[in-house]
Amino acid sequence: MWLCPWPQGPKSLLSACKGTKSVAQIHALMILTGIFSNGDSNSQLIASYSRTGDVESARKVFEKSSQRGIATWNAMIIAYSRKDSPVEVLNLYRRMIREGIRPDSSTFTVTIKACASLLDLKTGEEVRSQAVDFGYKDDVFVGSSFLNLYVKCGKMDEAMAVFDGMPKRDIVSWTTMVTGYVNGNRAIEAVNIYRRMQIEEIKADGIVMVGLIQACASLGNSKMGLSIHGYIIRRDLPVDVVVETSLVDMYAKNGLLELASRVFDKMPYRNVVSWSALISGFAQNGFAGDALELLVQMQSCRVKPDLVSLVSALLACSQVGFLKLGKSIHGYIVRRLDFDTVSGTAVIDMYSKCGSLSTAHFLFDRISSRDSISWNAMIASYGIHGCGKEALALFLQMKETKIKPDHATLASLLSAFSHSGLVEEGRYWFDLMVREFKIQPSEKHYACIVDLLARAGQVEEAHKLIESMVNKPGVAIWAALLAGCRNHGKLEIGEIAAKKVLELKPDDPGIYALVSNFFAAAKKWDEVAGVRKVMKKIGMKKVPGYSVVEVNGKLHAFLMEDKSHPQHEKIVAMLERLDYEMRAMGYLPKTEFVLHDIEEEVKERMLCNHSERLTIAFGLLNTGPGTKLLITKNLRVCGDCHEATKFISKIVNREIIVRDMKRFHHFKNGVCSCGDYW
DNA sequence: ATAGGGTTAG
């Protein structure tokens, strides 16, 4: 017997030296001291290399081993599984079978997992039947990984059959079903599975809660989300960064940003995913400034932005027209990350919403693989710029590809027609969407087509279309009809629409303004007063209108009646001067856009305090002659501001581009690109 | 002892 300097042999060496010496050093020591590895110590060594992420060295040890036992094979297979190399896992598994080695439960489990990650249902089923042959039919590990194979391949009904047939199930099997339903957009069924799990008195853990929290996020059920959060706290379930991040995301998706931030602030450790979840939450809910601030904070916490966080930041840039930052994010993505389908689509959306439609198209042509969302984004871009013909051309181009137009594509197309007044095209493609594309028109599609017809004055036809709807029309549809009736003086149908709108009790003050306008135009003063009563009773959502302009690479935001700005005096003086000149040129304030019950003169002054008006004045004051201005507004630009901006563009001889929540208005030389059709 | 279930985006 040779003398071993470590009485317990190489096994204890590996565990004792963890952290102090590298695995390679220990490996070298083992060779030097003449410890000739047997099968068992090789499996330990392979596992150790695998833990440090060094599969190449693990593989060398594996290949040099003379007699390889099941432990050695498993260690090597698991090493590849950890490295996310499912193909290698399968190769080794096949080699193992060829060499007549008897796999065990772990071998099958890992191999089926590899098939799941390759979405290779056929091979997975083969491996599972081999597992059955070797006596692992009722093994929970094999069973759960087999379950997961169906789940990952989107076969939830087959998964359910497997699940119901399992004699033994544990928390992992249940969790697989829960997350499977969540990912398959069947959140209710996910919750039901969890209920069944509770009845069977299986103890929940953090991972299954992640699935449930995601279900609440996708259902938009904040009440259930809160109660699950409470349950986790009461039961003192173990929470880690993943559980906390899913809570942040759930609250954010439900618009509860204070709660999302509170959870986020309390997290002991945050990774890039946690940051991205919150950034995305702010961006999705329209808080562009907060989203971008978080992006900066994240970097000062030494967390590098990744594609996901930057895609969310791009969304924030799009919202407020922050072209300068958007461009620099685009550059960073190209240089350091990956201009792929998702980030590419976010970038083209940013350029188009920041006014650079041609850059958007240029980059659209350079996305190497485009999917339906990329096409939709580009079609929608032409739509918001009022280029209906170009949107149609792109749609026809899309039809030549393998990518199928979906409900969103048609919605973008119809909305492009409605922004361009292309009534015939709208009718034609609306009709064809059912017949050719087999897409049932949704509320959104109806809203587009009603809007298109009503704007063109064809309110009778629009009304007939609404009456033909199978589902009950929502507020958006009646409001679109009503707007058409107001503009074209169609009192009879207008009254029907107005009544419907009031019945549906929207929480949008803009819509009540429309109803009130309509009745005022019809000189029905009792009804005008009635609208105000309804408004007071319901209590409006207070979405403050704000406008933003980028000046010298910095954003400047103005709220309605914003007096806080340091340049306020100058801005007011500017607007007064413009007002004087505008009136001389024939401008008349459209006071019907002010809903309050006040004197005309006060109304006129309020119009001048609209955020877009203040923003334009600020932009004019702080940029050189001839500079184009891009103003973005979170709500819709009001009719009076639209009229005024036409005059302003002529007086100061500037191009003024205003983008509101719906579309672009390009003002130049006294006219707007939308031809007052918007 | 090892193995199966989990977070963010256009």
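Note on naming: letters A, B, ... go to the chains in the order of the sequence lines (proteins, then strands), and numbering restarts at 1 for each one.
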_Interatomic distance, Arg51(A) CZ vs dA1(B) C1' [rounded to whole Å]_ =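 Those two atoms, CZ and C1', are 10 Å apart.
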
*Roughly, in whole Å, what's the span from CG in Leu247(A) to P in dT8(B)?*
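That distance rounds to 12 Å.
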
Would you mind classifying the nucleic acid contact of [X] as base, sugar-phosphate or nothing, using non-hydrogen atoms under 4.0 angstrom?
| X | result |
| --- | --- |
| Thr179(A) | sugar-phosphate |
| Asp371(A) | base |
| Thr341(A) | base |
| Arg82(A) | sugar-phosphate |
| Ile78(A) | sugar-phosphate |
| Asp240(A) | base |
| Val243(A) | base |
| Asn74(A) | nothing |
| Ile77(A) | nothing |
| Val140(A) | base |
| Ser374(A) | base |

*Using a distance-only test with no angle check, is there a side-chain donor-acceptor pair under 3.5 angstrom linking Asn148(A) and Ser145(A)?*
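Judged by distance alone, the side chains do not pair up.
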
Would you say [X] reaches [N]'s phosphate, i.e. side-chain N/O to OP1/OP2 under 4.0 Å?
| X | N | answer |
| --- | --- | --- |
| Asn148(A) | dG4(B) | no |
| Gln284(A) | dT8(B) | no |
| Gln44(A) | dA1(B) | no |

*Taking everything shown except His361(A) itself, do over 12 heavy atoms lie less than 6.0 Å from its NE2?*
yes

